[in-house]
Asks: 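Dumping the structure here so I can ask a few things about it.
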Amino acid sequence: MAVTIKTLEEVEKMRVAGHLAADVLRMIRPHVLPGVTTGELDRICHDYIVNVQGAIPAPLNYHGFPKSICTSVNHQVCHGIPGDRVLKKGDIVNIDITVIKDGYHGDTSKMFFVGEPSIQARRVTQVSHECMCKGIEMVRAGVRLGDIGHAIQVHAEKNHCSVVREYCGHGIGRQFHEDPQVLHFGNPGTGMELAAGMTITIEPMINAGRREIRMLPDNWTVVTRDHSLSAQWEHTILVTETGHEVLTVLPGDSL
Ligand code: MF3
Ligand code: CO
Ligand code: CO
């Protein structure tokens, strides 16, 4: 699929969808406590998106995904399916929200600590957040995707973490996953040049150990092969002539 350049009207709709996705993460935070199941978190988010926001949870039935959000715990890298798993003190969990409003998608995820995290959990969570921020900082018209991927990879590896290669950020708009693919590793001066009006996600998956992954038998949940902890943060970003606008951050909030 070709890269799409959004009109001003489309950008406004992306902004609305982005803010709704961010609002779901804000809403769910107080529910992420020891004893809650990931299935309960899914149900709360689903009901909020549908009944309060009047929006659609994009993951539900997307290529057969059975739930409305993704919940990836500890060594789960991404696409964890909510279910009967009970969160316990010391767990770290990525909650990934994608909503569709007025035909446009907003996609964002955050890490949550359940009780007090281990030093290692805190570290990989912080490094993955810094990686995302370093990628976002570089976004403006004219920058090349390889420059962004390189900045992310260098930061992860400098901190003795690794970058998952098999999954990446993406263009986003009317479709959940549009071109281009936004790799979180790469070489400076390579790849597509970004242009104003593109909307993309940056969502590095960073492992505390080796970068290799494995797929669980449910055919969705991705885990680290060495069972090391993994962390991910994601925002949807508009490319502008002079820089960028993060569409999935609420006014006054930090990334
Ligand atoms: N939200 C994920 C992303 O950031 C995609 C989830 S696809 C699903 O691209 F089917 F697992 F929901
Ligand atoms: Co995404
Ligand atoms: Co996502």
Side-chain angles (χ1 to χ4, degrees), residues 1 3-4 14 17-26 28 38-39 41-43 45-46 49-50 55-73 76-83 85 93-101 104-112 128-129 131-133 135-136 139 145 148-149 152 163-184 198-206 213-223 230-239 244 246-249 255:
M1 174 198 185
V3 174
T4 59
M14 291 291 294
H19 286 174
L20 289 176
D23 183 50
V24 178
L25 288 177
R26 182 201 55 75
I28 201 64
T38 53
L41 297 176
D42 175 73
R43 184 188 50 75
C45 289
H46 176 95
I49 293 166
V50 172
I56 299 166
L60 189 59
N61 300 320
Y62 182 76
H63 295 281
F65 191 78
K67 296 287 177 178
S68 294
I69 67 172
C70 297
T71 52
S72 305
V73 185
Q76 297 179 349
V77 172
C78 63
H79 304 166
I81 303 175
R85 182 179 186 143
V93 57
N94 173 279
I95 301 183
D96 194 337
I97 303 290
T98 312
V99 305
I100 310 170
K101 182 73 171 182
Y104 289 83
H105 291 71
D107 188 7
T108 182
S109 81
K110 261 186 167 57
M111 296 302 297
F112 295 84
S128 64
H129 186 259
C131 284
M132 176 193 68
C133 290
I136 291 174
V139 174
L145 286 173
I148 294 174
I152 292 169
V163 178
V164 171
R165 304 286 176 105
E166 291 83 353
Y167 298 89
C168 58
H170 48 93
I172 180 167
R174 278 198 170 277
Q175 306 295 324
F176 196 158
H177 296 109
E178 302 185 351
D179 281 339
Q181 294 196 40
V182 180
L183 302 182
H184 303 113
M198 290 180 183
T199 46
I200 59 167
T201 73
I202 295 182
E203 49 180 303
M205 282 139 275
I206 304 299
I213 55 161
R214 205 163 53 81
M215 177 72 83
L216 292 190
D218 64 19
N219 262 302
W220 279 105
T221 311
V222 178
V223 298
S230 188
Q232 177 181 30
W233 298 73
E234 172 176 27
H235 277 300
T236 298
I237 302 139
L238 167 70
V239 182
H244 56 266
V246 179
L247 300 176
T248 41
V249 72
L255 296 183

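For ligands, and for the atoms within them, numbers begin at 1 and follow the listed sequence. Since the model is a prediction, treat every value here as computed from it, not as a measurement.
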Asks: Out of His105, His79, Gln232, Met205, who is nearest to atom 6 (C) of ligand 1 when you count heavy atoms only?
Replies: His79
Asks: What class does the angle between the rings of Tyr62 and His177 fall in, given that below 30° is parallel, 30 to 60° is tilted and above 60° is perpendicular?
Replies: tilted
Asks: With heavy atoms of Cys70 as the reference, note each atom of ligand 1 found under 4.0 Å away.
Replies: 6 (C), 11 (F), 12 (F)
Asks: Identify the closest protein heavy atom to atom 5 (C) of ligand 1: which residue and atom is it, and at what distance?
Replies: Phe176 CZ, 3.6 Å
Asks: Measure the distance from atom 2 (C) of ligand 1 to every protein heavy atom, then report the residue, atom name and distance (to 0.1 Å) of the closest one.
Replies: Asp96 OD2, 3.4 Å
Asks: For distances below 2.8 Å, what is the count of protein N, O or S atoms around the Co ion (ligand 3)?
Replies: 4
Asks: By number and element, which atoms of ligand 1 are closer than 4.0 Å to a non-hydrogen atom of His170?
Replies: 3 (C), 4 (O), 9 (O)
Asks: Run through Gln175, Glu178, Glu203, Gln181 and flag the one making a side-chain hydrogen bond (donor to acceptor under 3.5 Å, both in side chains) with His170.
Replies: Glu203
Asks: Just to verify, which of Val93, Asp96, Thr221, Asp42 counts as forming a side chain to side chain contact (heavy atoms under 4.5 Å, CB included) with Thr71?
Replies: Val93
Asks: Between the side chain of His244 and the main-chain N/O of Val139, is any donor-acceptor distance below 3.5 Å?
Replies: yes
Asks: Is there side-chain contact between Asp107 and Thr248, with at least one heavy-atom pair below 4.5 Å?
Replies: no
Asks: Any atoms of ligand 1 less than 4.0 Å from a non-hydrogen atom of His177? List them with their elements.
Replies: 3 (C), 5 (C), 9 (O)
Asks: Evaluate Trp220 for polar contact with ligand 1, using N/O atom pairs at a separation under 3.5 Å.
Replies: no
Asks: Please tell me if the side chains of Trp233 and Asn94 come closer than 4.5 Å, counting only heavy atoms from C-beta onward.
Replies: no
Asks: Any idea which atoms of ligand 1 are less than 4.0 Å away from a heavy-atom of Glu203?
Replies: 3 (C), 4 (O), 9 (O)
Asks: Which ligand 1 atoms does Thr98 reach within 4.0 Å, using its non-hydrogen atoms?
Replies: 1 (N)
Asks: Under 2.8 Å from the Co ion (ligand 2), is there any N, O or S atom belonging to His177?
Replies: no
Asks: Could you list which atoms of ligand 1 come closer than 4.0 Å to a heavy atom of Tyr62?
Replies: 7 (S), 10 (F)
Asks: Look only at the side chain of His235 and the backbone of Val246, and say whether a donor-acceptor pair between them is shorter than 3.5 Å.
Replies: no
Asks: For Ile97, which of Leu20, Leu25, Ile28 qualifies under side chain to side chain contact (heavy atoms under 4.5 Å, CB included)?
Replies: Leu25
Asks: With heavy atoms only and a cut-off of under 4.0 Å, state how His63 meets ligand 1: side chain, backbone, both or neither.
Replies: neither
Asks: Please list, chain by chain and in numerical order, all residues satisfying salt bridge (charged side-chain N to carboxylate O under 4.0 Å, His left out) with Asp23, sequence neighbours excluded.
Replies: Arg26
Asks: Using every non-hydrogen atom in the two residues, find where Met198 and Val3 come nearest and quote the distance to one decimal.
Replies: CE-CG1, 3.6 Å
Asks: Atom CZ of Arg174 and atom CE of Met14: how far apart are they, to the nearest 0.5 Å?
Replies: 11.0 Å
Asks: For ligand 1, note which part of Thr201 has a heavy atom under 4.0 Å away: side chain, backbone, both or neither.
Replies: neither
Asks: What do you reckon, are the aromatic ring centroids of Phe65 and His79 less than 6.0 Å apart?
Replies: no
Asks: For Leu255 and His129, work out which heavy atoms get closest and say how close.
Replies: O-NE2, 2.9 Å
Asks: How close does the nearest protein non-hydrogen atom get to atom 12 (F) of ligand 1, and which residue and atom is it?
Replies: Pro59 CB, 3.1 Å
